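Worksheet for the structure shown next.
Keep in mind the model is a prediction, meaning the values are calculated, not measured.
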Amino acid sequence: MKRALVVIDVQNEYITGGLPIGYPAPALSLANIAIAMDAAAAAGIPVVVVQHAAPEQSPVFGRGGHGHGLHESVASRHHDHLVEKALPSSFAGTGLADLLAREGVDTLTIVGYMTQTCVESTTRDAVHRGYAVEVLSDATGALPLANRVGAMSADQVHHAVLVVLQTFFAYVATTGEWCAAVRAKAPLGRADFAAATDAGYAAVSGQEGPAV
């Protein structure tokens, strides 16, 4: 197993800009992102920082503006690679896949923002490309959402996405759990669709789920 830590869009826009993260509290997620970056550097795990860029005139993430800049907690730390993106998936239109291939990486650990867009999109894309994925639940964050379909609080969005990812796409863990696995040079685990659907069936029906 060869891990890489992918730090997605930890930029001022999400902290002091127009899209402040709602849940978990940014102070918590930033602290855990820093812990994960330090642990990765100490263990020799490649750290890839991903930075979202929009045209200069864009109201959010406009290139060269305050919101576009990496937050100090990331900018001040060691990273091995910097990848710029313009779409939710960190693979789309970037050199990330080639970079990871050169590093011999087969497992991605993902932290950063937002849970429901770039973290989720990168996770799904990574699985489709054959990677194992780990997502650190307390080192990511979401915004509240409201549109013509309905509304969800930031914590509802965050938890719903992580439940879906754990069901099929990633192993979701805390930063502490991940750091312990890094020290032990051990995998965390895998998503388990069968277990999730059995548990869901039992919770709804009061019966055991069908054999798979």
Side-chain angles (χ1 to χ4, degrees), residues 1-11 14 21 23-24 26 28-41 43 45-52 70-71 73-74 77-85 87-101 103-143 157-182 186-191:
M1 179 187 65
K2 175 68 180 291
R3 283 185 170 101
L5 177 66
V6 181
V7 182
I8 300 176
D9 297 355
V10 185
Q11 294 167 249
Y14 287 129
I21 292 296
Y23 184 89
L28 174 64
S29 57
L30 287 172
N32 284 319
I33 290 165
I35 288 169
M37 291 182 72
D38 291 346
I45 294 171
V47 177
V48 182
V49 169
V50 180
Q51 184 175 19
H52 194 85
L70 295 172
H71 188 269
S73 60
V74 166
R77 285 183 156 75
H78 167 81
H79 62 270
D80 299 282
H81 307 282
L82 178 65
V83 172
E84 183 179 284
K85 69 176 180 62
L87 293 169
S89 172
S90 298
F91 289 96
T94 74
L96 180 60
D98 290 339
L99 182 161
L100 296 173
E103 294 276 5
V105 169
D106 58 20
T107 301
L108 302 188
T109 304
I110 296 178
V111 300
Y113 307 125
M114 293 184 287
T115 313
Q116 77 274 19
T117 48
C118 299
V119 168
E120 182 178 21
S121 295
T122 301
T123 297
R124 289 172 180 260
D125 204 345
V127 170
H128 296 160
R129 293 167 183 266
Y131 294 97
V133 184
E134 304 163 336
V135 173
L136 304 191
S137 60
D138 53 3
T140 57
L143 297 180
V157 172
H158 183 71
H159 289 304
V161 171
L162 293 180
V163 168
V164 172
L165 292 183
Q166 174 65 49
T167 299
F168 192 85
F169 297 97
Y171 192 88
V172 178
T174 66
T175 302
E177 290 171 330
W178 182 78
C179 288
V182 166
L188 276 170
R190 297 273 184 163

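Thr174 and Asp138 share no donor-acceptor pair across their side chains, judged by distance under 3.5 Å alone. Looking at His81 and Glu103, their side chains do bring a donor and an acceptor atom within 3.5 Å of each other. Side-chain contact of Ser121 with Ser89: a donor-acceptor pair under 3.5 Å is absent, judged by distance alone. No hydrogens or angles considered: a donor-acceptor pair under 3.5 Å links the side chains of Tyr113 and Ser29.
Atoms CG and CZ, on Leu100 and Phe91 in that order, are 5.5 Å from each other to the nearest 0.5 Å. To the nearest 0.5 Å, atoms NE2 (His52) and OG (Ser90) are separated by 10.0 Å. To the nearest 0.5 Å, the span separating NE2 on His159 from CD on Gln166 amounts to 14.0 Å. The distance from the CG atom of Leu70 to the CD atom of Gln51 is 4.0 Å, given to the nearest 0.5 Å. From Arg3, atom CZ reaches atom OH of Tyr131 across 15.5 Å, with rounding to the nearest 0.5 Å.
Between Asp9 and Tyr14 the shortest heavy-atom distance is O-CD1, 3.2 Å. What you find for Pro24 and Gly141 is that their closest heavy atoms are CD-CA, 3.8 Å. Taking both residues in full, the closest heavy atoms of Ser73 and Leu30 are given as OG-CD2, 3.5 Å, listed atom of the first, atom of the second, then distance.
Screening Val119, Ile33, Ile110 against Thr140 for a side chain to side chain contact (heavy atoms under 4.5 Å, CB included) leaves a single residue, Val119. Checked against Trp178 for a side chain to side chain contact (heavy atoms under 4.5 Å, CB included), the options Val111, Asn32, Leu136 give a single hit: Leu136.
Environment of CZ in Arg190: sparse, with no more than 12 heavy atoms of neighbouring residues, nucleotides or ligands closer than 6.0 Å.
Listed by chain and residue number, His78 satisfy the side-chain contact (heavy atoms from CB on, under 4.5 Å) test with Ala41 (two or more places apart in sequence, or in another chain).
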